[in-house]
Amino acid sequence: MSQPLKVLLIEDSEDDAQLVILELRRGGFKPEYVRVETAPELREALGQQKWDVVLSDYNLPEFDVQSGLAIVQETGMDIPFIIMSGFVRAADVVQYLKAGAHDFLEKDDLARLVPAIERELREVEVRKQRREAEETLHKLSRAVEQSPSTVIITDHEGLIEYVNPKFEEITGYSTEEIRGKLPDILDSGIMPQEQSDALWKTAREGKEWRGEICNQRKDGEMFWEYALVSPIKNTDGETSNYVIVTEDITFRKEAEEQLYRQANYDDLTSLPNRALMFDRLGQAVVRARDSSRHAALMTIEIDNFKKIDETLGHEVADGLLQAVGQRLEECISSVETVSRLGGGEFAIILPDMESAFQARTVARNVRKQLAEPFFVDDHELFTTISIGITVCPVDGDDSGILLRNAKVAMEKAKEDGRNNYRFFSQKMNKEAMERLSLETDLRRTLEREELVLFYQPIVEAATNKVVSAEALLRWQHPERGLVPTEQFISVAEETGLIVPIGEWVLRTACKQAVQMQQSGFPEVGIAVNASPEQVWSGTLVGLVREALDESGLKPEHLDLEVTESVCMDDMPQTVATLDQLKAMGVRISIDDFGTGYSSLSYLKRYPFHTLKIDRAFVGELPSNLDDVALVEAVLVMAKRLGLQVLAEGVETEEQRQYLTSRQCDLLQGYFFSRPLPFDEFLLQIG
Ligand code: C2E
Ligand code: MG
Ligand code: MG
């Protein structure tokens, strides 16, 4: 099939023109031509249509090649210009080619014409494509330069090669500063390491990564971006560069944050609102369900809130709510949540409690803290609160049910005269009430002289001689009878009553010890239990000194028993207190050894004299092999550390024999004697 070809001939001879056309037809073209002889004709023809090629004679009467070439070039169109002539000088050929002619042919040798045109047409096409490519490239680079997004191009290792002006504007880094660096330079540190690892891992695998990142400007300010990281591959399919295009989304992020705050926080107090409270409660419920621990929800209402609002106005009421919110926050730990439910109503979530009664301690503290006056706009306001407590999973494991329960309990607290707390469950309420009345009674024990000390002998294993006695507290209640020691000791510790009670114990024990020594046991010492609260109170050293002075007991005859929990917090004051006691000559024992969770390293740090193995490890000796292993390990370790070892709870001859054979220094337990009232004790050891 012949190819159409539009030919513009600059030629004065029609015959020559026909020859050329013939040659073109033979060569497979379907030429369509116009012949011109003058400059105006040429201009007109050029303006009429698009030409594929201009073939120009060399010698024209009215016209010359040079002008023809110039006229064609003026149009700006890329049309091959081929000169045909008779004889011509080589120098002229060079000159015309330089001027822009594409080829030169001899009229007598037209065989070259067709191949020359074919070549020129191909070249035109190549030039056209290149021009288009350049234009595209130009457009693209303009687009990148003027882009409203930041653009970073890195090499295959991620080192920055190019950043666009928007990048400079947003980050404050100039191209010079940033070139050759890793984009990490923008890292705000907020983004988790895994995210940044995932980003580069994805990119290195040749895939695109997109996501939100938080970056940092040169001046340190943070900003959020939505980033697209794409690898660019070379012709071999290898990644040669990475392009990172980002869009500043700080605005959107801030709006999101604000929306989140509006949806989840109370405007007035900035505390979590009901919605967020439900969310956190849901999490606490799940955790309590999966573990053996408890969660509690407490609702709190300011008793006289409505009255304050009505009499003093909204502003004062709002101020009070803010102050109450703040004070509530001070009452809780970081894992707990205070939220405002609305009106004068707040809630506290206690997500992780070992015992449900911890909620009671928090409730009491809240009540105490809120009882202090509030100062709002020159008003001194006194408030009381009613608290309802429900415990998960005991009372339910659904957030909605728990909230209802807490409110029911809170209503009960209001009915019972406000300024109070109530548990939802009857059983717990009863227990709480009992504890409360126990506490009330316990406060009076000292004045009513209901406390007594019982004594249990401590025996030297090797000789079976009584060397000391442990003073054990007993509460003889007029109606309750003998109250179980562990029960009232825990109430005393919780309420702080243990400090005055402990003082009484110490003074009494020292006095009775001297009495005992004077009754014929001059070398028998006394062991007194001290609660952590006493050790931490800062008054123990002074108190011990007074008790010794008053009674005349020698310090080496006093042994203070403390439990591991004393050492748990590892406070320098604790070490100092114990060191001072040791310096006075008093001995210190570690009681109930093995039941705490603290690390053993504290044994070296504290000045212990004796280690008392808890009776839980003694009861099944020597048949329980685990206990055997444990007791033997403790004995070896204690000897190494230069500590004496005492085994508590020795009840059988077999246990006594076993422990004696293992070089346990001291023994104590029902096998020798139960704890006895002072007089009976004297008879027993006599
Ligand atoms: P503890 O200091 O470990 O006292 C030993 C407990 O084991 C005493 O219980 C004692 O009666 C009991 N016991 C002794 N031998 C045996 C035995 O062979 N078998 C069994 N099953 N038990 C034996 P108690 O008197 O009920 O005291 C319980 C805990 O209360 C004491 O444990 C101590 O931690 C605390 N405690 C007692 N009196 C005081 C005190 O005056 N102040 C303080 N802070 N705590 C005290
Ligand atoms: Mg003890
Ligand atoms: Mg003990």
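Both ligands and their constituent atoms are indexed starting at 1 by order of listing.
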- line: Protein N/O/S atoms closer than 2.8 Å to the Mg ion (ligand 3), ordered by chain and number, come to Asp591 OD1, Asp592 OD1, Glu648 OE1, Glu648 OE2
field: Nearest option to atom 36 (N) of ligand 1, as decided by whichever heavy atom of Val618, Leu453, Ile489 sits closest
entry: Ile489
field: Contact check, Pro675 vs ligand 1, heavy-atom distance below 4.0 Å
entry: yes
message: For ligand 1 and Glu651, I'd like to know whether there is a polar contact (N/O to N/O, distance under 3.5 Å).
response: yes
- request: For the pair Ser339 and Arg274, evaluate side chain to side chain donor-acceptor pair (under 3.5 Å) and give the outcome as yes or no after the intermediate values.
  value: CA-CA 7 Å; Ser339 72; Arg274 180 184 283 262; over 6 Å; no
- line: In terms of its nearest heavy atom to atom 40 (C) of ligand 1, the top option of Val650, Leu451, Asn529 is Asn529
Gln534, Arg615, Glu648: member with heavy atom nearest to atom 6 (C) of ligand 1: Arg615
query: For ligand 1, is there an N or O atom under 3.5 Å from any N or O atom of Leu472?
result: no
- prompt: Quick check: are there more than 12 heavy atoms from other residues, nucleotides or ligands sitting under 6.0 Å from CZ of Arg674?
  reply: no
message: Check this for me: does any side-chain nitrogen of one of Glu301 and Lys414 sit under 4.0 Å from a carboxylate oxygen of the other?
response: yes
message: Using ring centroids (six-membered ring only for Trp), state whether Tyr455 and Phe678 fall under 6.0 Å.
response: yes
cation_pi(Arg327, Phe374) dist<6.0 Å, angle<=45: yes
field: Heavy-atom gap Gln668 to ligand 1 smaller than 4.0 Å
entry: no
Criterion side chain to side chain contact (heavy atoms under 4.5 Å, CB included) against Trp475, the qualifying member of Val452, Leu438, Thr485: Leu438
task: Specify whether the nearest protein heavy atom to atom 22 (N) of ligand 1 is under 4.0 angstrom away.
output: yes
- prompt: Counting from 1, what ligand 1 atoms have a heavy atom of Thr485 closer than 4.0 Å?
  reply: 26 (O), 27 (O), 30 (O), 37 (C)
Salt-bridge contact Arg287-Asp290 (side-chain N to carboxylate O under 4.0 Å): no
- prompt: Name the one of Val338, Thr337, Ile349 that satisfies side chain to side chain contact (heavy atoms under 4.5 Å, CB included) with Pro272?
  reply: Thr337
- request: Ignoring angles and geometry beyond distance, decide whether Glu493 reaches within less than 3.5 Å of ligand 1 through its nitrogen or oxygen atoms.
  value: no
query: Glu460 and Thr463: side chain to side chain donor-acceptor pair (under 3.5 Å), yes or no, with the steps?
result: CA-CA 6 Å; Glu460 191 174 54; Thr463 60; 2.7 Å; yes
task: Sort out for me which residue in Arg367, Gln369, Lys368 forms a side-chain hydrogen bond (donor to acceptor under 3.5 Å, both in side chains) with Asn365.
output: Gln369
Proximal ligand 1 atoms for Asp592, defined as those under 4.0 Å from one of its heavy atoms: 3 (O)
- request: Please work out the angle at the Mg ion (ligand 2) defined by atom OD1 of Asn529 on one side and atom OE2 of Glu470 on the other, rounded to 10°.
  value: 90°
message: Between Glu354 and His294, is the side chain to side chain donor-acceptor pair (under 3.5 Å) condition met? List the steps.
response: CA-CA 6 Å; Glu354 208 172 284; His294 302 266; over 6 Å; no
- request: Could you tell me whether the side chains of Asp266 and Thr269 share a donor-acceptor contact shorter than 3.5 Å?
  value: yes
